Amino acid sequence: MNNELQPHPVCYLAPLQGFTDFVYRRLYAQVFSEIDAFFIPYISVKNNEVLRKYEKEVLPVNNPQTRVIPQVLAASAVEMLFLANYLSTLGYTEINLNLGCPYPMVTKRGMGAGLLPYPEKIEAILAAFFKNTNLKLSVKMRAGLVSATEIEQVVPVLNQFPLSEVILHPRVAKQLYAGDIIESAFEFATSALKHRLVYNGDVNSADDYHRIRQKFPDTSYFMAGRGVLMNPFLPAEIKNQHFSQTERKEKLIEFHKLMLEEYLKVMDNPGNALNKMKQFWIYFCHNFAEPKKCLKKIVKSNGLTAYQTAVNLIFHGNLS
Ligand SMILES: Cc1cc2nc3c(=O)[nH]c(=O)nc-3n(C[C@H](O)[C@H](O)[C@H](O)COP(=O)(O)O)c2cc1C
């Protein structure tokens, strides 16, 4: 592993399709600091076209943060080059290849974690990429599709190419997003991988971060997803910064207000904006004492006025 040990941890925001969209990423960066790079959830190609729904995610105007890395799902060298070219035309200089998506709809089409049992396919994609583009490339991967031994065949392939880094979520795809982290797979990568290695998976608190740091002292690059959605202060806490209760509340109120305003602007109608906000609360409710109760109140709210009433009750602690 080629990890220049950083004096401070480096913290990336994980891509979460449907959650860390362009609205979330931009407003998060505006209200909170301490994320060092934002990863855009995957885009893919169908019939030689990038789907409309992905376009606004990658438009540079929607991604003003300093370091934003788009991610691609590709089943072949042809798809990889199509997407690389598309993103390069938009002005991106670095992209990320998804070798981790666990959903059968994706893996059965030979994409995401579906590529892990086929190191020769990964090799063909990477060879075509580095032969035909000047972009930088990182990889985000699982330990395997069904078995954590798959990584042992994949790492030698990754070592053949000048990747900028490898982000490893040490679970196998069939676990989806739960079950034990396979520490031995991460351990293997720390010794066998030539590239910088980024840890991802269940970093939900500063304590989680310290525990992982103790286990893997050479790792100073982290990626967090659900933990940030549940607690937007997590990257700051990992970097040992603290906020008073008043500051926290003010920032949460501000963030929520901006999210609602922006979804009302960018969604087709207020109903869709409200649905996006209800989805946002699936994780955001964890900022409050009784998360389940909060979420229930939000989900039950019918229309914007009821929603605002529920939000006010939650923020001002009058939930009954
Ligand atoms: C709803 C959801 C959507 C996700 N979308 C993506 C995605 O588009 N690309 C990707 O590489 N990983 C995706 N992931 C995986 C996360 O990036 C991350 O690897 C995983 O959640 C583990 O990290 P965490 O425990 O910090 O959340 C997604 C996960 C969830 C729960």
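We count ligands from 1, going down the list as the structure has it; atoms in each ligand are counted the same way. What you see is a predicted model, and the numbers here were worked out from it, not measured in a lab.
- Among all protein heavy atoms, the one lying closest to atom 23 (O) of ligand 1 is Asn200 ND2, 3.0 Å.
- Between Tyr86 and Phe82, the ring planes lie parallel to each other; the angle is under 30°, not in the 30° to 60° tilted range.
- In summary, Glu254 and Lys251 do not engage in a salt bridge, as defined by a charged side-chain N under 4.0 Å from a carboxylate O.
- Salt bridge Arg142/Glu150: absent, no basic N to carboxylate O contact under 4.0 Å.
- Protein heavy atom in closest approach to atom 8 (O) of ligand 1: Tyr42 CD2, 3.2 Å.
- Shown in contact with Gly201 at under 4.0 Å from a heavy atom are these atoms of ligand 1, numbered in order with element: 23 (O), 25 (O).
- Judged by distance alone, with hydrogens and angles left aside, the side-chain atoms of Asn63 form a donor-acceptor pair with the main-chain N or O of Glu57 at under 3.5 Å.
- Annotation for ligand 1: atoms under 4.0 Å from non-hydrogen atoms of Ala14 are 17 (O).
- Because its NZ or CZ atom is not both nearer than 6.0 Å to the ring centre of Tyr177 and within 45° of the ring axis, Arg226 does not count as a cation-pi partner of that residue.
- Taking the six-membered ring for Trp and thresholds of 30 and 60 degrees, Phe233 and Phe32 have ring planes more than 60 degrees apart, a perpendicular arrangement.
- Residue-level proximity to ligand 1 for His169 is carried by the side chain, the only part with a heavy atom below 4.0 angstrom.
- Close contacts between ligand 1 and Phe19 involve ligand atoms 1 (C) [criterion: under 4.0 Å to a heavy atom].
- Here is the list of ligand 1 atoms found below 4.0 Å of a heavy atom in Gly225: 24 (P), 26 (O), 27 (O).
- For atom 25 (O) of ligand 1, the choice among Val139, Leu16, Asp202, Val106 with the nearest heavy atom turns out to be Asp202.
- Here the protein heavy atom with the shortest distance to atom 9 (N) of ligand 1 is Gln71 OE1, 2.8 Å.
- Here's the thing with Gln17: one of its N/O atoms is less than 3.5 angstrom from an N/O atom of ligand 1.
- Protein heavy atom at the shortest distance from atom 15 (C) of ligand 1 is Tyr177 CE2, 3.5 Å.
- For the residue pair Tyr103/Gln17, the side-chain donor-acceptor check at 3.5 Å is not satisfied.
- In this comparison of Pro170, Ala224, Pro102, Pro15, the heavy atom closest to atom 13 (C) of ligand 1 sits on Pro15.
- Geometrically, Arg248 does not engage Phe255 in a cation-pi contact, judged by NZ or CZ lying under 6.0 Å from the ring centre and within 45° of the ring axis.
- In this structure, Asp202 does not pair ionically with Arg211, as no charged nitrogen and carboxylate oxygen lie closer than 4.0 Å.
- Gly227 does not count as a contact of ligand 1, since none of its heavy atoms falls under 4.0 Å from the ligand.
- Remark: minimum distance from atom 21 (O) of ligand 1 to any protein heavy atom is reached at Arg226 NE, 3.7 Å.
- Taking the six-membered ring for Trp and the full ring otherwise, the centers of Tyr221 and His195 sit at least 6.0 Å from each other.
- Counting the atoms of ligand 1 from 1 in the order shown, those under 4.0 Å from a heavy atom of Lys140 are 10 (C), 11 (O), 12 (N), 15 (C), 16 (C), 17 (O), 18 (C), 19 (O).
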